[in-house]
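So the structure is just underneath, and the comments pick up after that.
Values below: every heavy atom of this structure, side chains too, minus hydrogens, waters and symmetry copies.
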Protein chains: 2
Amino acid sequence: MGKGEVTRQAILERATALASRCGLEGVSIGHLAEDLGLSKSGLFAHFGSKEALQVEILRFAADRFVQAVVRPALAEPRGEPRVRAIFERWLGWSRSHSVPGGCLFVAAASELDDRPGPARNELVRLQKEWMDSIAICFRSGISEGHFRADADPEQFAHDLYSVMLGYHHAQRLLRDPAADFRARASMEALLAAARRRGPSRAAPRRRPVRPRSAPRQRRTA
Amino acid sequence: MGKGEVTRQAILERATALASRCGLEGVSIGHLAEDLGLSKSGLFAHFGSKEALQVEILRFAADRFVQAVVRPALAEPRGEPRVRAIFERWLGWSRSHSVPGGCLFVAAASELDDRPGPARNELVRLQKEWMDSIAICFRSGISEGHFRADADPEQFAHDLYSVMLGYHHAQRLLRDPAADFRARASMEALLAAARRRGPSRAAPRRRPVRPRSAPRQRRTA
DNA sequence: TCTAGAATAGCACGATCGTTCGTTTTGTCA
DNA sequence: TGACAAAACGAACGATCGTGCTATTCTAGA
């Protein structure tokens, strides 16, 4: 790894941490350069534009997320254990030193949701990929017999994501000391409903008509 | 209402709409003034500082929220009907013309969660108040016999908020056409669990120890 | 209608932003 | 070791930001 690449990684590491607290737009080239003891122009040259830097931050954070959450979870047995591992590792990620301001993707989501551009596109791509991965894990939980056969994996992925968003809200904004407890209680209810018979959460199509989601691409994370 | 107050309301209306798309920090005095055909300094004089403007935006949006969601829901019968009304009106609010970029509070939450100051304080106050209101509505659903006596109202409030956060994520970022369907399915599962016997979502203290939340103040909205 | 005060406009300030350009330093490989 | 390229620097740019000051316009009450 050449010297440029080393510097680049250091920049992205610091930038990711900063973005989790101040948002992607809040990461200014000047502050970032000063923090790292670099010149503004020297740092800038690594990316060519602030927009490109933002995209690289998202990719860097996604790499870290895979290392911290996805990879360890894949070491767990298929089905419910793996789903639980995802949840616990995900909680840990939100408190990790990589993102001192809480999960970067949560912050970026509401920041980019009305700002078209490459950064938004990358974020959407990553999020859909992640939701698909969760659904796949849940689906293998069905074939393992851990979950009801008629449970809806996409709904489960959506609900799990909602639980994490609620956790972030309680933890980062409200500073609620019960945030962990709340999130775990929600998760247990989710899993219980996925096991139980009868209509409940993660249930199949109970409403007459529902709009189709955009077709999900099943690409490797 | 004097002329100054009329202008002030017009400013806040436009500012609230803008903030829902660009965030509180994204509302610049210059753009706002230009949009309204005012001078920058003339607009500025109404608030004295950008920080004060942000606080006023939050209060204005909260007023609108009460008018659009809380007040109509209070017209419904206590218990489950009122809880359902809250949910449906809340969904509607997220799509209302008052906040074209989606619920302002969701956007502000991740923007302010690591930025101390008056705006953050006001947002936290409003959010805690709202969570308390939800819990109170749920509690009256218990006394009406709609929900299990051992259900946890605070957990329900947290879970309902999570559902709304998930809806916002699916709707605003992913542009998922099934966002409404997902949110309603989650809500139905929440209500089902609140009715059903046995351990499940909105369940009482099942874990040995849980940290106490900050004491909630029960003030009028 | 006259006037005091509120409301608004105009202008300029210092700071910070992303970005460009030319130069200098540094690392790498023949 | 020497040469070439990569990397980092320094200074400056135009734009935009929030904010302060003074002058002007408007409005409401006597």
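- A:Leu32 has its CG atom 13 Å from the P atom of D:dA8, to the nearest Å.
- Interface residues of residues 33-43 of chain A facing DNA chain D, ordered by number: A:Gly37, A:Leu38, A:Ser39, A:Ser41, A:Gly42; criterion, heavy-atom separation under 4.0 Å.
- A donor-acceptor contact shorter than 3.5 Å is absent between the side chain of A:Gln171 and the backbone of A:Asp180.
- Within the structure, the salt bridge (charged side-chain N to carboxylate O under 4.0 Å, His left out) test picks out the following pairs touching residues 19-42 of chain B (sequence neighbours left out): B:Arg14-B:Asp35, B:Glu25-B:Arg115.
- Residue pairs meeting the salt bridge (charged side-chain N to carboxylate O under 4.0 Å, His left out) criterion with at least one member in residues 65-76 of chain B: none, sequence neighbours excluded.
- Here A:Val6 lies out of heavy-atom contact (under 4.0 Å) with every strand.
- The side chain of A:His46 places no N or O atom within less than 4.0 Å of a non-bridging phosphate oxygen (OP1 or OP2) of D:dA6.
- Across all strands shown, B:Ala45 has heavy atoms under 4.0 Å from base atoms, whether or not it also approaches the sugar-phosphate.
- Atom-to-atom, CZ of A:Arg8 to P of D:dA8 comes out at 12 Å; the value is rounded to the nearest Å.
- Looking at A:Arg175 and B:Asp114, a side-chain N of the basic residue comes within less than 4.0 Å of a carboxylate O on the acidic one, giving a salt bridge.
- D:dT16 atom P lies 7 Å from atom NE2 of B:His31, rounded to whole Å.
- The CZ atom of B:Phe44 sits 15 Å away from the C1' atom of C:dC11 (whole-angstrom rounding).
- Within the structure, a side-chain polar atom (N or O) of A:Thr7 is placed less than 4.0 Å from OP1 or OP2 of D:dA8.
- What separates CD1 of A:Ile29 from P of D:dG10 is a distance of 17 Å, to the nearest Å.
- Between the P atom of C:dG5 and the CD atom of B:Glu5 lies a distance of 21 Å, rounded to the nearest Å.
- Comment: A:Arg84 does not engage A:Glu88 in a salt bridge, judged by the lack of any side-chain N to carboxylate O separation of less than 4.0 angstrom.
- Rounded to whole angstrom, the span from the CD atom of A:Glu51 across to the P atom of C:dC17 amounts to 18 Å.
- A centroid separation of less than 6.0 Å is found between the aromatic rings of B:Trp130 and B:Phe65.
- Sparse packing is recorded around NE2 of B:His31, with 12 or fewer heavy atoms of other residues, nucleotides or ligands lying under 6.0 Å away.
- Straight-line distance from the NZ atom of A:Lys50 to the P atom of C:dG18: 4 Å, rounded to whole Å.
- Between A:Gly2 and B:Gly30, the residue whose closest nucleotide on DNA chain D is further toward the 5' end is A:Gly2.
- One finds no side-chain N or O of A:Ser49 lying less than 4.0 angstrom from the OP1 or OP2 phosphate oxygen of C:dG18.
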